[in-house]
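Predicted model only: the values in this text are computed from it and were never measured.
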Amino acid sequence: MTLLLEVKDLHVSYSARTGEVCPALAGVNFDLAPGEILGVLGESGSGKSTLAAALLRLLPSNGRIQKGSVLFEGKNLLAARPQELRKIRGARIGLILQEPSSSLHPTLPVGKQVSDVLAAHESLDRRALSEKVSQLFESIFAGDAERISRSYPHELSGGQRQRVLIAQAIACGPSLVVADEPTASLDPTKQQEILHLFRTFQKELGLAIILITHNPALLANLADRILILYAGRVAEIGPTANVLSSPRHPYTAALLRCLPPDFDESQSARKANLHSIPGDPPDLSLHEAGCQFEPRCIERMKACKCDEPAATEVSELHEVSCFKFAG
């Protein structure tokens, strides 16, 4: 099978003003097939947003890709020239950020902002451009497309603004969309509406999607596979059903125990105390040896303190980085 995206041994760090270097991603490996949805899951500070920025080479000025490769449609984006990247961003890879209020220009109608994305990548006259934007808005805002297109960001709800970002991301017909916490600021009903849009466009357009979130529940009926990030490392990756029903890494299991009970469970279950993971995420600037989850792990072993576990295949397409499964 031809892969759309291959990320190999990706290392990213940030430099502080003091000169101290803090690793943010360390040896991240994964791939993505055309039309596949990959969920990226982890706590705040695990490296999720850094991963999204690194894939598109949009790291802040103090961020640095130290080594690795990001092969997209056979081309290594980390070696691409700036003019080549400009042709890929927005056209072949769309990006959706978590806060539309800071991503949309406050003084331009949102239809104009989507039109500008199209104009930057496609040679269309004004009429063709207008027709394409209208068709796109109608597919996302059925029955209210014209009003939404003429509106300014402050005149729209959070869910509507997030849909505008989706329109920008898919306007040019990309093969991949990277969505960084796209439902974080929305209520549960609006979250499900956004996820429904992702499912629709995946099926209709053959989109591959990398969906970054801290909420496992959002991925259950959407993602084909889930990648678990902890302290900038891949703790576990595998088919969604396997990861959610039979988590192998202690961190994955701990994350899932933190989920609140389902609404259809008994009253006593709903009143039960929520679980939490003891301790705090590691300070990566200390460059400590061993498994980064070891201080918080209830299943830690002697080897965890000294060495970092390698990825081990536990079943088909399911890998985990834990000494429990080391050969």
Side-chain angles (χ1 to χ4, degrees), residues 1-14 21-42 46-59 63-82 84-85 87-89 92-95 174-180 207-212 223-240 242-243 248-249 251-252 284 287 291-293 307-322 325-327:
M1 177 181 63
T2 302
L3 294 171
L4 177 68
L5 180 73
E6 294 179 84
V7 177
K8 300 179 180 179
D9 197 28
L10 182 61
H11 291 252
V12 177
S13 65
Y14 291 103
V21 176
C22 179
L25 296 177
V28 170
N29 294 281
F30 69 92
D31 54 46
L32 190 71
E36 182 182 15
I37 298 181
L38 176 69
V40 178
L41 182 65
S46 61
K48 305 187 302 298
S49 293
T50 292
L51 176 60
L55 294 180
L56 289 157
R57 279 176 55 189
L58 291 173
L59 292 166
R64 180 187 171 202
I65 297 174
Q66 295 176 302
K67 67 175 181 175
S69 62
V70 176
L71 298 176
F72 173 70
E73 295 180 337
K75 185 176 187 61
N76 185 5
L77 300 185
L78 303 189
R81 297 190 299 272
E84 293 175 313
L85 284 173
K87 293 179 181 179
I88 292 172
R89 296 177 186 141
R92 303 303 304 142
I93 303 177
L95 176 64
S175 55
L176 170 63
V177 166
V178 180
D180 185 8
L207 268 182
I209 301 171
I210 296 176
L211 179 60
I212 295 170
D224 299 298
R225 290 187 297 149
I226 294 179
L227 182 154
I228 307 294
L229 267 185
Y230 183 77
R233 294 154 174 82
V234 178
E236 184 168 358
I237 184 171
T240 298
N242 294 13
V243 172
R248 299 304 184 93
H249 198 284
Y251 174 62
T252 309
L284 297 180
H287 305 278
C291 174
Q292 296 297 312
F293 189 58
D307 300 307
E308 189 169 334
T312 302
E313 187 173 1
V314 293
S315 63
E316 187 177 7
L317 302 177
H318 194 169
E319 293 184 350
V320 60
S321 299
C322 179
F325 304 96

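To the nearest 0.5 Å, the span separating CG on Leu78 from CG on Leu55 amounts to 8.5 Å. Interatomic distance, CD1 of Ile226 versus OG1 of Thr240, reported as 4.0 Å (0.5 Å rounding). Going from atom CG of Leu38 over to atom CZ of Phe30 covers 6.0 Å, rounded to the nearest 0.5 Å. Considering CG of Leu58 and CG of Leu95, their distance stands at 6.5 Å, rounded to 0.5 Å.
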Intermediate values then yes/no, side-chain contact (heavy atoms from CB on, under 4.5 Å), Ile228 and His249:
CA-CA 9 Å; Ile228 307 294; His249 198 284; over 6 Å; no
Can you check side-chain contact (heavy atoms from CB on, under 4.5 Å) on Asp9 and His11, steps first, answer last?
CA-CA 6 Å; Asp9 197 28; His11 291 252; 2.9 Å; yes
Candidate pair Ile65 and Leu10, rule side-chain contact (heavy atoms from CB on, under 4.5 Å), full reasoning
CA-CA 8 Å; Ile65 297 174; Leu10 182 61; 3.9 Å; yes
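Heavy-atom minimum distance, Gly232 versus Val28: O-CG2, 3.5 Å. Between Leu176 and Leu32 the shortest heavy-atom distance is CD1-CD2, 3.5 Å. For the pair Leu77 and Arg57, the tightest heavy-atom approach, listed with the atom from each and the gap, is O-NH1, 2.7 Å. Closest approach of Ser46 to Leu229, counting heavy atoms only: CB-O, 3.5 Å. Considering all non-hydrogen atoms of both residues, Ala311 and Glu319 come closest at CB-OE1, 3.8 Å. The shortest non-hydrogen separation linking Leu25 to Leu51 is CD1-CA, 3.8 Å.
By the 4.5 Å heavy-atom criterion applied to side chains, Pro309 and Phe325 are not counted as neighbours. Looking at Leu59 and Arg64, their side chains never come closer than 4.5 Å, going by heavy atoms from C-beta outward. Between Leu4 and Glu36 there is no side-chain heavy-atom pair separated by less than 4.5 Å.
Formation of a donor-acceptor pair under 3.5 Å by the Asn29 side chain with backbone atoms of Gly27 is found in this model. Ser13 contributes no side-chain N or O that, together with a main-chain N or O of Val21, makes up a donor-acceptor pair within less than 3.5 Å. Checking side-chain atoms of Lys48 against main-chain N and O of Val40 turns up no donor-acceptor pair under 3.5 Å. Using modelled atom types, one side-chain atom of Asp224 and one backbone atom of Ile37 make a donor-acceptor pair closer than 3.5 Å. Remark: the backbone N or O of Cys322 is not paired with any side-chain donor or acceptor of Arg248 at under 3.5 angstrom.
No side-chain donor-acceptor contact under 3.5 Å links Asn76 and Ser69.
When each of Leu71, Asp31, Val70 is checked for a side-chain contact (heavy atoms from CB on, under 4.5 Å) with Leu5, only Val70 meets the rule.
By the side-chain hydrogen bond (donor to acceptor under 3.5 Å, both in side chains) test, Glu236 pairs with Thr252, His318, sequence neighbours left out. Every residue meeting the salt bridge (charged side-chain N to carboxylate O under 4.0 Å, His left out) condition with Arg92, not counting sequence neighbours, appears here in chain and number order: Glu73.
Taking the six-membered ring for Trp and thresholds of 30 and 60 degrees, Tyr230 and Phe293 have ring planes more than 60 degrees apart, a perpendicular arrangement.
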